[in-house]
Amino acid sequence: MRNKKVKTTIPTSLISTAAAATASQEYSSRQLGANNIPYGLQTLHSEHDKSIKLYPPSEQLPEPNINPDATTANSLDNLADNTETGSNSEAAYETPDPAYPVTIGESITIDSTAVDNQQCTWDGVQINDPVSWTPVDKYKYQPIPKQAISPGNIDSDILAIVKEMTIKEKVGQMTQIQVGQLVDCNGFLNETAVRYWINEWKVGSFLESPGNHNGRYRWYSPQTFADFTDAVQRIALENGPKIPVIWGLDSVRGANYVKGAVMFPAGIGAAATFDPQFAYDAGRIAAKDTRAAGVHWAFAPISDLGVNKLWSRTYENFGEDPYLSSQMTAASVRGYQGNYKRDRTRVAACIKHFIAYGYPFNGEDRADRHVAPHELLEFYVPPFKAAIDAGVASAMESYGVVNGEPVVMSHYYLQELLREQLGFRGMLVTDWGEINSQATVYRTAKDIRQATWATLGRTSVDMSMVADDASFGQAVLELVSSGALPESRLDESVGRILQLKKDLGLFEQPLADRSLAETVGSAQDIEAARNAVRESVTLLKNENGALPLKDSDKVLFVGPTLNSTRLMGGGWNVHWQGPSDVEGDSVYEGFGDTIVRGVESVTGSTPVYFEGTDIGGTKFIDIDEILEAAALADKIVVGLGENTYAENLGNIGELALPERQLDLVYQIAAVTDKPIVVVLVQGRPRGLGKAADIASAVVNAYLPGEYGGLPIAEILYGRVNPSGRLPYTYPATEAQASTTVWQPAYSDYSPQWAFGYGLGYSSIAYSSVAASSSILNPNSSIEVSVTVTNNGPYTQKETVMLFTNQPYHFGIAAENNRLRRFTKISLDVGQTKEIKFTLAADDLAFWNGDLKHGIQADAPVTLQINPYTQHNITTPISLTT
């Protein structure tokens, strides 16, 4: 969700608006300050709006003479009917650059050295939350709803509230502040600070977990978390505008910031199942556990396409393919939301990050993206369209710039494309500090005031995740009072914000449902997460009878990822960056397992295990003992992978795994010719060097979550037949970091392992693919069928994928292969099933360079079934005009 600074000391002042100007410099070494911008004539240019607008330098205006606490005459007549567009008149976007009083950026300080008449006595070292509970074994399951519940028009009672609000109250509803501003020097709730933000700035939204922001506890139980959020809610109902606050949280793979909540595999692992049911279950359970903490809004799902595999956020999304991502995204939204307007165990989902965030040109988080307009529409937009069609209640714009244009200030991306073309009618929030970053990071605005004016004046952004200060509120008040921004623009956003609060039931019951806490960590949820792992783990190589292991095998287990719960979780796991090295696995307090413990559970005996190397690959540990044991073992399992990370702190310069990790494999291979099995616990496809050839078997476990140990052990020992398939292209070289299955066909596609690749322990046979007609007419469809047989010796779950390609697209390079349909089936030994897909002519349409959408009717179409696991299962058809 955000690129936030990592706090290392207890804050001595509650609020510092100057922090906005320094946060980005603390965050990244790449930043350049706004003071370096030579500002004379500013040119704002859009690829989609060929006009060039010139804005003259600011001139000082007198102090505003409008009282921000007073209501002003404004028209709400059209808000109920026009909320789907979120637009002002074109004149509003051409308002000249306003001049501002010199107030924004000055520090606002509240004394928090003494809190509730107590001294600061805490040493700042977090401890485990002492609250414990016995979760129920099971509860009533809620299946995928058949109908999407979507945001709609603004209700009349909400319009009435908006009409009576002061300007400052409206600005407050559009402001979101992070929880660290509410935590005192002893790690507890600072009620004085809460009252300040509610009374002085009328703030309508808070976000994040105290565990990430100097709260007393590492991992907040649902009970303690709800105590915190309920206390804030009660203050909000008694102070300021007396409107309930909406709380947001990065519950991205389960309620990962709530103690005991079950975490599912990261998005990339969920996608590897090729079964949207698991995306639904992860969202459904995340929503329930998030709501148990008194939080109403989840910043998920993440539907960026993971194109550049160097990117530190590769693991968060559903892979590189637009169709796979669309299917998983839609199911995820249904899971988080269900009927969120009635069901108080659900939350508002937030599709993110709009748009093209997953293709940073150099692989670094927040790096600029260069995406042709037709490619944007063809590949990057479909998952967001799927979320909107599934009824997503909110959206988050992305960090940074696309083709040089800042997304948060883009009329095209956030108004024309998102609102008008895709039909999004929900609430739109910025990412962390992104408005201010236009001045402090990207150099796309002179200062925070201009960035705020451009964002609200040119786009349909409703809420600013300001995070740390009052700069947004100050800027908007001055813009409205000077006439640079009409109050009607605020009405538009506040209407959507309050409608979302109403839809979530906050006006009826703003406090947490304490009965939900007993379901957090239930056996039912644990089994659901483990089932997702069982179907996500992907067998990439299996030679020399390496797998499955036999109970009688003398197996040596080596590697840092095999005996760590936290490494299976990665980032967004207890904390933003995952548990620290100091916290280790103790933070889980028994919630979770490891692969080593899973092996012990499966075999009934304690495995022989050595760490081998630290996760950073900087040193060997017990290497002599390992080599001695390896020479005596029948098989060796080596666990490799990554440390925990999120966002910029996960930036890497190369895909290769750390040197000592790979050396561990090389040294073991030098003393034995017995099969070596490499198990990868990683958030992105790291380079394996010679280990890919040395290993007899390679297993990709992705980031399976804290309950991934047992399922992985079950797969290693053949209790479960692996059925995961790669949701991305696994690069063979550094140069292939951005290689995708849908790249132009003329480009070489020879990765280490292809998109959709994966093995099982059974022999699966496919018949020839057949089409119900050899001709596909416009506005019609055909049926594509294939029979699949399991020749044993294990029951097998098999993903059947239908791809298409064409020899050319006029004026646009034709893709290598496009995934069009998939399904996952279960086959007993000897069983045969016929699989049928429906394919329409419109499915083959593409965007060309003139941004026209259509089909290439005179080019034949090749239908392919699992081209990267079953070869030559093809048949041709023809398109007609």
Side-chain angles (χ1 to χ4, degrees), residues 537-550 553-565 567-568 594-600 602-603 606-643 655-683 685-704 708-709 711-718 722 730 752-753 759:
V537 172
T538 306
L539 180 61
L540 298 175
K541 182 180 181 182
N542 193 21
E543 299 175 351
N544 305 318
L547 291 176
L549 303 173
K550 299 179 179 66
D553 286 338
K554 187 176 181 180
V555 184
L556 172 64
F557 293 87
V558 180
T561 61
L562 298 183
N563 198 34
S564 172
T565 304
L567 294 181
M568 291 195 299
T594 67
I595 298 172
V596 167
R597 292 208 301 269
V599 169
E600 184 172 1
V602 168
T603 65
T606 302
V608 178
Y609 169 74
F610 293 93
E611 187 175 1
T613 177
D614 63 313
I615 190 61
T618 62
K619 62 181 179 180
F620 287 126
I621 302 171
D622 298 325
I623 187 64
D624 292 336
E625 291 88 340
I626 290 170
L627 298 180
E628 182 179 342
L632 302 174
D634 295 325
K635 295 176 182 178
I636 302 96
V637 176
V638 183
L640 308 179
E642 296 186 293
N643 205 342
L655 283 173
L657 279 168
E659 181 179 0
R660 287 290 182 272
Q661 287 197 37
L662 296 177
D663 283 347
L664 191 61
V665 177
Y666 304 157
Q667 293 208 31
I668 291 172
V671 300
T672 181
D673 58 359
K674 298 298 176 61
I676 296 174
V677 177
V678 170
V679 177
L680 301 170
V681 178
Q682 57 184 4
R686 299 299 297 266
L688 303 180
K690 296 178 183 178
D693 297 322
I694 292 172
S696 295
V698 178
V699 176
N700 192 5
Y702 310 97
L703 293 177
I712 293 171
E714 291 172 336
I715 287 171
L716 292 176
Y717 277 90
Y730 205 117
Q752 186 79 56
W753 293 288
L759 304 172

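Below, each value reflects all heavy atoms present in this structure, side chains not excepted, and no hydrogens, waters or symmetry copies.
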Side chain to side chain contact (heavy atoms under 4.5 Å, CB included) assessment of Q682 paired with L640: CA-CA 8 Å; Q682 57 184 4; L640 308 179; over 6 Å; no

Backbone of L547 reached by a side-chain donor or acceptor of N542 within 3.5 Å: yes

All ring pair (Phe, Tyr, Trp, His ring centres under 6.0 Å) counterparts of Y730, not counting sequence neighbours: W753

Distance in Å, K635 NZ paired with D553 CG, rounded so as to fall on 0.5 Å steps: 4.5 Å

Candidate pair L680 and R686, rule side chain to side chain contact (heavy atoms under 4.5 Å, CB included), full reasoning: CA-CA 9 Å; L680 301 170; R686 299 299 297 266; over 6 Å; no

Closest approach of I712 to P704 (non-hydrogen atoms, all atoms of both residues): CD1-CG, 4.0 Å

Check: G683 main-chain N/O paired with E642 side-chain donor or acceptor under 3.5 Å: yes

Closest approach of A630 to I668 (non-hydrogen atoms, all atoms of both residues): CB-CG2, 4.0 Å

Test item: P722 and T538 side chains (from C-beta on) under 4.5 Å apart, heavy atoms: no

Backbone N/O of V602 and side chain of E714: donor-acceptor pair under 3.5 Å: no

Distance in Å, L562 CG paired with T594 OG1, rounded so as to fall on 0.5 Å steps: 8.5 Å

Point-to-point distance, once rounded to the nearest 0.5 Å, from CD of Q752 to CG of L655: 11.5 Å

Test item: V637 and V555 side chains (from C-beta on) under 4.5 Å apart, heavy atoms: yes

From I615 atom CD1 to R660 atom CZ, the distance as rounded to the nearest 0.5 Å: 15.0 Å

Donor-acceptor pair, side chain of K541 and main chain of A695, under 3.5 angstrom: yes

Minimum-distance pair of heavy atoms, taken over all atoms of V681 and A701: CG2-CB, 4.4 Å

Check: N544 side chain, A546 main-chain N or O, donor-acceptor pair, under 3.5 Å: no

Nearest-0.5 Å distance, CG of residue L567 to CD1 of residue I595: 9.5 Å

Under 3.5 Å: donor-acceptor pair, side chain of E600, backbone of P607: no

Can you give me every donor-acceptor pair (side chain of residues 618-629, partner residue at least two apart or in another chain, under 3.5 Å) with its distance?
residue, atom, partner, partner atom, Å
T618, OG1, D614, OD1, 3.2
T618, OG1, D614, OD2, 2.7

Derivation and outcome, side chain to side chain contact (heavy atoms under 4.5 Å, CB included), residues V638 and I676: CA-CA 7 Å; V638 183; I676 296 174; 4.0 Å; yes

CZ on R597 to CG on N563, rounded to 0.5 Å: 7.5 Å

Considering all heavy atoms, the nearest V558-L556 contact: CG2-CG, 3.6 Å

Heavy-atom donor-acceptor pair, Y666 side chain to K690 backbone, under 3.5 Å: yes

Nearest heavy-atom neighbours spanning G641 and L657: O-CD2, 3.6 Å

